[in-house]
There are 4 protein chains.
Amino acid sequence: MPKPTFFNLPEEKRKRILDVAMDEFATYPYSKASLSNIVARAGIAKGSMYQYFDDKKDLYTYILDLAAQEKMSYVKRELDQKTDFFTTFERLMAAGTRFNLEHPQLGQVVANALDVPGEGLLHELYSKGREMTIEFFEHMLKEGMEKGEIRGNIDPRLAATLMYSLVGQGLADYLLETLGVTMHEYLANPEISQKLTPERIEYVVTEVMKILRSGFEAQK
Amino acid sequence: MPKPTFFNLPEEKRKRILDVAMDEFATYPYSKASLSNIVARAGIAKGSMYQYFDDKKDLYTYILDLAAQEKMSYVKRELDQKTDFFTTFERLMAAGTRFNLEHPQLGQVVANALDVPGEGLLHELYSKGREMTIEFFEHMLKEGMEKGEIRGNIDPRLAATLMYSLVGQGLADYLLETLGVTMHEYLANPEISQKLTPERIEYVVTEVMKILRSGFEAQK
Amino acid sequence: MPKPTFFNLPEEKRKRILDVAMDEFATYPYSKASLSNIVARAGIAKGSMYQYFDDKKDLYTYILDLAAQEKMSYVKRELDQKTDFFTTFERLMAAGTRFNLEHPQLGQVVANALDVPGEGLLHELYSKGREMTIEFFEHMLKEGMEKGEIRGNIDPRLAATLMYSLVGQGLADYLLETLGVTMHEYLANPEISQKLTPERIEYVVTEVMKILRSGFEAQK
Amino acid sequence: MPKPTFFNLPEEKRKRILDVAMDEFATYPYSKASLSNIVARAGIAKGSMYQYFDDKKDLYTYILDLAAQEKMSYVKRELDQKTDFFTTFERLMAAGTRFNLEHPQLGQVVANALDVPGEGLLHELYSKGREMTIEFFEHMLKEGMEKGEIRGNIDPRLAATLMYSLVGQGLADYLLETLGVTMHEYLANPEISQKLTPERIEYVVTEVMKILRSGFEAQK
DNA sequence: AATGAATGAGTTTTCATTCAT
DNA sequence: GATGAATGAAAACTCATTCAT
């Protein structure tokens, strides 16, 4: 948790610090990400950082938390309208993928979490998100089963895990791949994003759903 | 690539070096893995390492390569007998998952690849394996389409990518999760593996196939 | 010297600051004692400290001064009744030792003075106390000589220095040692002091006086 | 303990490092003594220091150990000829004092030991010397009692502790004081030592012995 | 070919002190 | 007078890489 000092900072400065830190943690794995770098680029004194955060890990977990929250709130908007299972899932996938492509840094910050020493501590936070997401999918599946939208003879927990693995970075990576671009190149050249039209994203998501749908869907 | 020097080494010494390095790279993320540690545990001089490999990255990519090859050759054994698409894929998934559980280190080495700085260089190698696997799946799918085993209206490249994301660590992780065990705990307590009977693995794979099958399978 | 500001402070606050500082300087050697710690525990702003004292050293010397004064005034009470040299010295030793055991912090503050860098400045103050004490003993000795209580053929200054080295922490340390306790453990567990009865202290002091009085030499 | 690497160093270099380190630890209290300073003055790389010693504390304890050993071996030479208690003690005092004046740094290194954090650890080593010395004196006293040289009615442990407090820095400090010189000035101006003739040292030691031998009490 | 000491840039973190509000 | 954020020099320590033997 940041210290109160951090929240007393002028909006502009706080944002600058977070932006720079986000960028650093997205670019380098945790152990290579450098506080010295961050403060230099943010134009603040090294000691100041320690008046805002306990230590490097504290800063990182905060960034990670922010990333998770932003994605959550972005994706959650799709849940307002109640529809059937397949439509909801399709919307979630599309939103998640769009978010990953619009904020490629955030995804990288999460990916770099693997590197944090004292593994458990961080992993905990990192997988809390995974855990929650999987549980949400499981819930969706069970509801779908009750409504008769989903076949009854599938293991909901396992299916939810599968869904999670599809919703993560997977589709975004696939889309970049079809452009012959790696995530790193994409991070460096933001203008590439213009080649990824909403239609293109929609198409891929629909394709995936097509495959899954006739799999999950109850057979008449 | 290791220098010729490395291959002139007595078998026993070469193996020792690789074993220790594998363990180190499985235990720590790339940037935390320590050459000093490796040479100390392998009982060789630090300078020698640089007569075998160009640098840390060179050693790592070689280890990574070995890991990939081992998995490949393990999994490839399932391809001998020609059967239909679904049976083949099921066997591949089962074999991959068994391998991941029997050689958890190798999987970790791959997972830790994400951490390598200097971006593309490493990713390249890491995704060469990915690339090859996906292409293989794509080939399988197209063959299946021709034989009429697979629906014709799916994007084979996309589907292959999906298959890849299912075959990776995913199922192994899921199995460990059902035991309430993290990969780190599993690495530390190898005896846990006894709880993962072949039947249990078979069950999970069958479940996944059940889901996929009626999705991919051509409708009559 | 504290600035006037400090003396304008409400009694209660002033005392709190001094108590906390005393504790810190008793616990850690000068260079490890932390102003940040002190202000945090005293509940005042860091800047305020610099409105009370010039700097860390200024605060420390003041604390040191207080410690010396307190001990002085405690010990001086023994000087009211005029008696012979030996009785007076015995009383001083006993009082000094009791004080050291009752206020172990103060002794530690003095002991930690050795640590102050920038040499002379601090030593000066530290040894002002030493100087004064030795001079006082010298005076006592000379008086004793005149009265015929003390042999005339000893160097009073040297003897006074010897007396000083006996009166310091020495006896208190010895007493703790006989309990198998270090000064640090004693500081942490104040209840130990109950094992050090006045009789026990008296005994040790008497023993020392016995030695000094008639010397080591066997009596014929 | 230094690592083997250190002992493989050319004599000249090893000595230079120890000299510089000794000087640093004699000049500054442990926490202010700076490794960076030491390596700079010794003209070696910072990393090298860590190939010779585990860490700062390791270097310090080694220096401390050396200091103690040197003093020990210097003083022990006086023990060859068997004589009576008083003569032996007088010789030990004289030798100890001479040593302190000839190697003022070593005494300072010991004095600065108080500052080492994780107190116990270091204190242990520091007071092992104290412990041994006191026990040696105790032994001397008991022997003297058996031979009838020493009165039987004194507490030998307490007396030994007293003797220890006299043999330490005390006399050296006194001698410097009579020159109006502090230890720090003495360390900085080694030529002062010429004013401290052996006769002067002998005189002071004899004076002290006179006092101890027959006591303070006037003879009837 | 093997060794292992040497290197030094780089890391995170601490803390007394200053200064604008 | 009080505040507490800002500062930055300095600390201990790490480690991949080089190079003389």
Side-chain angles (χ1 to χ4, degrees), chain A residues 3-6 8-10 13 31-40 43-59, chain B residues 3-6 8-9 13 30-40 43-59, chain C residues 3-6 8-9 13 31-40 43-59, chain D residues 3-6 8-10 13 31-40 43-59 117:
Chain A
K3 305 184 184 173
T5 325
F6 184 63
N8 296 338
L9 246 40
K13 189 173 188 177
S31 21
K32 280 283 164 156
S34 155
L35 274 195
S36 304
N37 239 354
I38 294 176
V39 295
I44 66 173
K46 211 177 287 185
S48 297
M49 204 81 231
Y50 285 84
Q51 251 159 352
Y52 307 149
F53 299 90
D54 283 333
D55 52 17
K56 190 184 177 181
K57 192 138 71 185
D58 190 28
L59 169 59
Chain B
K3 305 183 183 171
T5 332
F6 183 63
N8 295 337
L9 247 38
K13 189 173 187 178
Y30 179 79
S31 17
K32 280 282 165 146
S34 152
L35 272 197
S36 307
N37 239 354
I38 294 175
V39 296
I44 65 172
K46 211 178 293 180
S48 300
M49 206 81 228
Y50 284 84
Q51 255 157 351
Y52 307 148
F53 298 91
D54 284 334
D55 53 15
K56 190 184 179 182
K57 194 137 68 186
D58 189 28
L59 168 59
Chain C
K3 304 183 183 173
T5 333
F6 183 63
N8 295 337
L9 248 40
K13 189 173 186 177
S31 16
K32 282 280 165 144
S34 153
L35 272 197
S36 307
N37 239 353
I38 294 175
V39 295
I44 65 172
K46 212 179 292 181
S48 299
M49 205 81 228
Y50 284 83
Q51 258 158 348
Y52 307 149
F53 298 91
D54 285 333
D55 53 16
K56 190 185 180 183
K57 193 137 70 185
D58 189 28
L59 168 59
Chain D
K3 303 184 183 173
T5 324
F6 184 64
N8 296 337
L9 247 40
K13 190 172 186 178
S31 22
K32 280 283 164 154
S34 154
L35 274 195
S36 306
N37 239 353
I38 293 175
V39 295
I44 65 173
K46 208 178 290 183
S48 297
M49 204 80 232
Y50 285 85
Q51 252 161 348
Y52 306 149
F53 298 91
D54 283 334
D55 53 16
K56 190 183 178 183
K57 191 138 74 186
D58 190 29
L59 169 59

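Here is how names work: the chains are called A, B, and so on, in the same order as the sequence lines, proteins then strands, and each is numbered from 1.
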Does [X] reach a base, just sugar-phosphate, or nothing at all? Heavy atoms under 4.0 Å.
X     : answer
C:F53 : nothing
D:S48 : base
D:K13 : sugar-phosphate

So which one's nearest nucleotide on DNA chain E is more toward 5', A:D54 or D:G47? D:G47
Going by side-chain contact (heavy atoms from CB on, under 4.5 Å), B:T5 matches just one of B:F53, B:Y52, B:Y50. Which one? B:Y52
CG on A:L35 to CG on A:L59, rounded to 0.5 Å: 6.5 Å
When rounded to the nearest 0.5 angstrom, what distance separates CD in D:Q51 from NZ in D:K46? 15.0 Å
Here's one to test your reading of the geometry: is the NZ or CZ of B:K13 within 45 degrees of the ring axis of B:F6 and under 6.0 Å from its centre? no
Per nearest nucleotide of DNA chain F, the residue lying toward the 5' end, A:N8 or C:Q51, is C:Q51
Return one dot-bracket line describing DNA chain F 5' to 3' (Watson-Crick or G-U wobble pairs, both distances under 3.5 Å; ( ) same strand, [ ] crossing, | another strand, . none). .||||||||||||||||||||
Any protein N or O atoms within reach of nucleotides 10-12 of chain F? Criterion: under 3.5 Å, listing atom names and distances.
from   : atom 1 : to    : atom 2 : distance (Å)
F:dA11 : OP1    : D:S34 : OG     : 3.1
F:dA12 : OP1    : D:A33 : O      : 3.3
F:dA12 : OP1    : D:K56 : NZ     : 3.0
F:dA12 : OP2    : D:L35 : N      : 3.2

On DNA chain E, reading 5' to 3', which nucleotide is the first and which the last to sit with an atom under 4.0 Å from a heavy atom of chain B, could you check? E:dA1 to E:dG4
